[in-house]
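One-based numbering, in listed order, for ligands and for the atoms of each.
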Amino acid sequence: MAKALSGIKPTGGLTIGNYLGALRHFKNYQEDNELFIFVADMHALTLPIDPDYLKKNIYDIVALYLAAGLDPKKTVLFRQSDINEVGQLNSIIANYIYMGELSRMTQFKEKSRALNNKEIGVGLFTYPVLMSADLLLYDTEVCPVGEDQVQHVELARDIAKRINSRYKKKIFNIPHAVVSGVGKRIKNLQDPTKKMSKSDERGSKGVIYLIEDDEKSIRKKIMSAVTDLGTEVKYDEKNKPGISNLIQIYCTFTNKTIEEAEKIFADSNYGNFKKCVADAVLNELLPFKAKYEEYRSNMDYLNSVLLDGAERARKIAEVVLKRVRSTVGLI
Ligand code: AQP
């Protein structure tokens, strides 16, 4: 039984990118692994965010986790900031990570570029250190993520190996990322060269939001997705990024391969294909949204899930932190 861990930042309404790249896969780890799933609320502070919006988003994510089939009796479902140990581990391991390594992180480069390289908080730069602390604090072996997070998990691996080797003993497990095949990087519907992100401009036409978008708006966004020259429904990321993105979305929701989808739509025009993509998305999302609404309206239950999860997470965190403190000489 492996220890698996993943989390999502409550930075905004979750998108179908978050759903297909991460959320939808979590429950597959629940039966055969010891699964830890958290709300990464401290990570949400790396860019400015309204406090009330952040609080709301935290509960939204817990309800989404439950709607996605996570059973809090099996999965340790918790909020990152409830576990003080993560802050201490973050401070310790920061000394074993180099500035050059953090400067090379693609997400840091993209997000700081978006800020025109001005007023970049140190937290944005050190985000991968805290993410490494999240992974190492719970002895994680497996981390299910979308493709954009693989670089950060690899950094956590390097740090774990570096620290183990420095002290010549196994202090940390070496985590590894598991990325799903299709759905690993869903692109923005209006700019299919760019990842779909929840912190894109709010209400963006290129982003499908799990909660905020209703059936009508999901259909509209898919029908007006940017497509490419030509008429063929064919997967070709370089020359047909728009159609390829829609094929990815279709295949992930219907569990079909790209070849199967290409065959089904061999004689189809773009309009008919898009209608089928919208049907596939809604077929799964409508019942999912209904479940979400039910959980979201029960605040007492959401709070009790977080309380219980924090207690269980803390038990492991205390043991691991003690091991680290003793190894580095902090006793
Ligand atoms: N477009 C995407 N396609 C596939 N997977 C995706 N993920 C995010 N976007 C896509 C996966 O969702 C999980 C949660 O991500 P996160 O909240 O920790 O941060 P992120 O990766 O930075 O996601 P966003 O939506 O782009 O958030 P913001 O805009 O706040 O930075 C991860 O497993 C991620 O890979």
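Ala22 CB, 3.6 Å is the protein heavy atom nearest to atom 13 (C) of ligand 1. Annotation: atom 3 (N) of ligand 1 to nearest protein heavy atom, Ile186 N, 2.8 Å. Among protein heavy atoms, the minimum distance from atom 4 (C) of ligand 1 is reached at Lys184 O, 3.2 Å. Nearest protein heavy-atom neighbour of atom 29 (O) of ligand 1: Ser199 OG, 2.3 Å. Taking atom 19 (O) of ligand 1 as the reference point, the nearest protein heavy-atom neighbour is Lys9 CE, 3.1 Å. Regarding atom 5 (N) of ligand 1, its nearest protein heavy-atom neighbour is Gly17 O, 3.2 Å. The protein heavy atom nearest to atom 35 (O) of ligand 1 is Asp148 OD1, 2.4 Å. For atom 31 (O) of ligand 1, the closest non-hydrogen atom of the protein is Lys111 NZ, 2.3 Å.
The aromatic rings of Phe253 and Tyr19 sit parallel to each other, their planes meeting at less than 30°, with 60° as the upper class boundary. Note: Phe265 and Phe273 have perpendicular aromatic rings, judged against thresholds of 30 and 60 degrees for the angle between ring planes.
The aromatic ring centres of Tyr138 and Phe78 sit less than 6.0 Å apart. The aromatic ring centroids of Tyr127 and Phe108 lie 6.0 Å or more from each other.
Between Ile8 and ligand 1, a contact under 3.5 Å exists for no N or O pair. Considering backbone and side-chain N/O of Ser6, none are found under 3.5 Å from N/O of ligand 1. Ligand 1 has a nitrogen or oxygen under 3.5 angstrom from a nitrogen or oxygen of Thr11.
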#### Entry: Step-by-step side chain to side chain contact (heavy atoms under 4.5 Å, CB included) determination, Val320 to Asp139
CA-CA 7 Å; Val320 175; Asp139 273 339; 3.7 Å; yes
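Judged by the shortest distance from any of its heavy atoms, His43 lies outside the 4.0 Å radius around the atoms of ligand 1. A heavy-atom separation below 4.0 Å is found between Asn18 and ligand 1. Under a 4.0 angstrom heavy-atom cut-off, Leu20 registers as lying outside contact with ligand 1.
Contact atoms of ligand 1 toward Gln149: 19 (O), 20 (P), 21 (O), 22 (O), 32 (C), 34 (C), 35 (O) (distance under 4.0 Å to a heavy atom of the residue). Shown in contact with Arg185 at under 4.0 Å from a heavy atom are these atoms of ligand 1, numbered in order with element: 3 (N), 4 (C).
The side-chain heavy atoms of Arg296 and Val62, taken from C-beta on, include no pair separated by under 4.5 Å. The closest side-chain heavy-atom distance from Val179 to Arg185 is not below 4.5 Å. Between Met42 and Gln80, some side-chain heavy-atom pair lies under the 4.5 Å cut-off. Contact annotation: the side chain of Leu135 never approaches that of His152 to less than 4.5 Å [non-hydrogen atoms, C-beta and beyond].
The heavy atom nearest to atom 26 (O) of ligand 1, out of those in Gly12, Ala177, Ser197, is found in Ser197.
By the criterion of a heavy-atom distance under 4.0 Å, both the backbone and the side chain of Val145 are placed next to ligand 1.
Side-chain atoms of Asp228 and Tyr270 include no donor-acceptor pair closer than 3.5 Å.
Atom OG1 of Thr254 is separated from atom CG of Asn283 by 10.0 Å, given to the nearest 0.5 angstrom.
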